[in-house]
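Note that the coordinates shown come from a computational prediction; the quantities given were computed from them, not determined experimentally. So that the names make sense, note that chain A is the first sequence line, chain B the second, and so on, each numbered from 1.
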Amino acid sequence: MTDNFPPDSADRPDGPVPSDGRRSFIKQATGFLGLALAPPLISQAERLTAISKKVEGVTEMRLKVNGTVRTISAEPRVTLLDALREKLDLTGSKKGCDHGQCGACTVLVDGRRINSCLTLAVMNQGKEITTVEGLAKGEELHPLQASFIEHDGFQCGYCTPGQLMSGVACLKEGHAKTDGDVREWMSGNLCRCGAYPNIVAAIRQVEKSGFKS
Amino acid sequence: MNNFSYLQATQPKEATGAVRDNQQAAFIAGGTTLLDLMKLNVETHDQLVDINMLAFKGIEQTADGLRIGALERMSDVGENPLVMQQYPVISQSLLLAASPQLRNMASIGGNLLQRTRCGYFRDTAFPCNKRQPGSGCPAQEGENRGLAILGGSKDCIATFPGDLAVALVALDAVLLLENAKGKQRRVPLVDFHLLPGSTPQRETVLEPGELIVSVTVPAAAHTRKSMYLKVRERSSYAYALASAAVGLDVQGGQIRSARVALGGVGTKPWRSREAEKVLTGAPATEATFRAAAAAALREAQPREHNRFKVELAQNTLVRALTELTA
C-alpha cells in the first residue's frame with residue numbers, strides 16, 4: 001500500500017438501503033428526450049434512434065444474470081454489486097473494500113471482468129452478467145473451481161469468488177501463459193490470507209490443460 | 001452515496017446541455033473514479049449523465065497519426081496492435097495502470113480526468129483547498145510522502161495520479177472537445193490540465209458541460225521508439241511514486257528529437273522541455289541522460305516526506321532513457 005491510499009473511514013455513508021424515507025417516490029421517464037433536443041436539421045431516422053432514458057427514485061430494472069432476466073426495484077445509485085447481493089440474493093460476489101481496490105466483487109459483464117462495486121445496476125441493463133453462482137453447470141464445477149480445491153487456492157475464502165471470476169477471464173484473455181503473467185494479470189484481486197502461490201498454480205493448471213472457456 | 005437521478009444520453013448535445021445547465025450534474029462513463037469519490041462524499045451530484053451511448057469510439061491510424069475515441073476503454077487501447085507497435089509508450093502506460101478489471105471499465109476521457117489520490121482530498125474530515133476552496137492544505141506540513149514535488153503551490157501539492165496522460169503529454173497529444181452548443185475545439189493536452197496555483201479546485205480548461213470527444217497523437221520517429229517506466233511500492237496495481245514517458249529519435253548515436261514527461265511527481269502530467277533541450281542534439285550516453293534528468297528536476301520543491309522523489313524521479317528517467325537506447 002502506498003500512503004496515497006486514504007485513511008479509511010469506518011462509517012462510510014453508502015449502502016444499498018436509503019434511510020431518507022423517499023422510497024415511495026417513484027418516477028421513470030422514458031421518452032424521446034433526444035427528439036425534443038435534436039436540432040431541426042437532423043434526419044427523421046436519426047431522431048427515432050434518439051431514445052433517451054431518465055431514471056429517478058426507486059425504479060424497476062431488468063438485469064440478465066447467469067442467463068436469466070430478473071426484475072428488481074432500485075434507485076439509480078444502487079451499484080451492480082449491491083443489486084446482486086441485496087436484491088437478487090446472489091451473495092457470492094463479495095463486498096471487500098467497495099472502492100475497486102480489492103477485486104472481491106469481480107463479475108463478468110458481456111464476458112469482460114469488471115469491479116461490480118464501481119458500476120451502477122441501472123447502467124448494466126441489457127447486458128450479460130455472470131457471477132460466481134453461474135460458473136458451475138449444475139453439480140459439475142467449472143474446471144477452475146475444481147482446480148482451486150485441488151491446489152488449496154484459498155484459506156478463508158472471502159476473496160475466492162472474485163479470484164475465480166477474474167481467473168476465468170484471465171484464462172479467456174490469454175493472460176495465463178506463464179506464472180509471471182498470472183501474477184500481473186491477477187493483481188487486481190487481493191488475498192489477505194496470502195494464498196497467491198496456490199491461486200497461481202490453480203490457474204496455470206487449467207491453462208495447461210488446454211481448457212477454453 | 002447521495003441520491004441522484006440518472007439520464008442515459010443518446011446525443012452529445014443532450015449530455016452536454018444537461019451538464020451545462022445543472023452545476024450539480026456530472027458525466028459518467030466507466031464510473032471508476034466518480035463512484036469511488038461519490039461513496040466518500042468527496043463528490044456529490046444530483047444527476048449523472050451516462051455518455052456511454054455516444055459514438056466517441058474508434059482506435060485508428062489517420063493521415064497524421066493516431067486517433068482514439070474518448071469512450072474507448074483502457075484495456076482495448078492498451079492491447080490494440082497499432083498502439084502497441086507504433087506508440088508503445090501509450091500501450092505501456094495503460095497496461096501498467098490500475099487492474100485488468102478497472103481497465104475494462106475506465107474510459108480514455110475519464111482517465112485523463114482522474115482525480116488526485118491525496119489522502120486529505122479523499123477524506124472529508126480534513127480541510128482541502130481542492131475540495132473546499134479556502135479551507136486550507138494540511139498536506140503542506142502533513143502526510144506528503146506521495147505528493148507532488150513539481151508544480152505545487154502553497155495551496156495545493158496534490159499529485160496528478162494518472163499514467164496515460166503522462167505518455168500522451170510527452171507525445172504532443174491533442175484533445176478534441178465539444179461543448180453544449182455543439183462547437184468543437186482542439187486543446188493540446190499539455191495545456192489541458194491546470195497548475196493548482198491559488199485555484200486548485202480548477203483542474204482542467206473544460207467549460208461546464210464540455211466533453212472530451214477524442215485524442216489525437218501525431219506520428220513521429222520518437223513515437224515508435226518510446227517507452228513508459230513506472231516505479232511503485234509493489235510491482236503491480238499501485239500508483240506511481242515516479243514514472244517516465246520517453247520517446248527518442250536516435251541516429252548514429254546522436255539524439256535528433258526527444259520527448260520526456262514525468263508522472264507521480266507533478267501536480268499535472270509533467271512535460272519536461274528542460275530535459276528535452278539537454279537531450280536534443282546530444283550523444284545518447286549516460287552522461288547526457290544524467291544531465292537531462294538533473295534539468296528535469298531542477299525546479300523540484302520537495303516537502304518533508306517526499307524528498308526521496310527528487311532522486312527517484314531522476315533515476316527513473318535515466319533508466320528509461322538507458323533501456324530505450326539499449
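Relative to the six-membered ring of B:Phe308, B:Arg145 meets both conditions, a distance below 6.0 Å and an angle of at most 45° to the axis.
Ring pair B:Tyr120/B:Phe126 is perpendicular by interplanar angle, where above 60° counts as perpendicular and below 30° as parallel. Under the 30°/60° scheme for interplanar angles, the aromatic rings of A:His142 and A:Phe211 are found to stand perpendicular.
Contact of A:Thr106 with chain B is made through the side chain alone, with heavy-atom distances under 4.5 Å. Neither the backbone nor the side chain of B:Ala106 comes within less than 4.5 Å of any heavy atom of chain A. Looking at B:Ser235, only its backbone comes within 4.5 Å of chain A, counting heavy atoms on both sides. For chain B, no part of A:Cys170 is nearby; none of its heavy atoms comes within less than 4.5 Å. Neither the backbone nor the side chain of B:Leu34 comes within contact range of chain A, judged by heavy atoms closer than 4.5 Å. Using a 4.5 Å cut-off between heavy atoms, B:Asn104 touches chain A through backbone and side chain atoms alike.
Using a 4.0 Å cut-off between charged side-chain N and carboxylate O, A:Lys53 and B:Asp50 make no salt bridge. Look at B:Arg115 and B:Asp36 and you find no salt bridge, because none of the NZ, NE, NH1 or NH2 atoms lies under 4.0 Å from a carboxylate O. Ion pair B:Asp76/A:Arg112 flagged as a salt bridge, since at least one NZ, NE, NH1 or NH2 atom sits closer than 4.0 Å to an Asp/Glu carboxylate oxygen.
When the candidates B:Asn52, B:Leu48, B:Ile28 are compared by the number of heavy-atom contacts under 4.5 Å with chain A, B:Ile28 comes out ahead.
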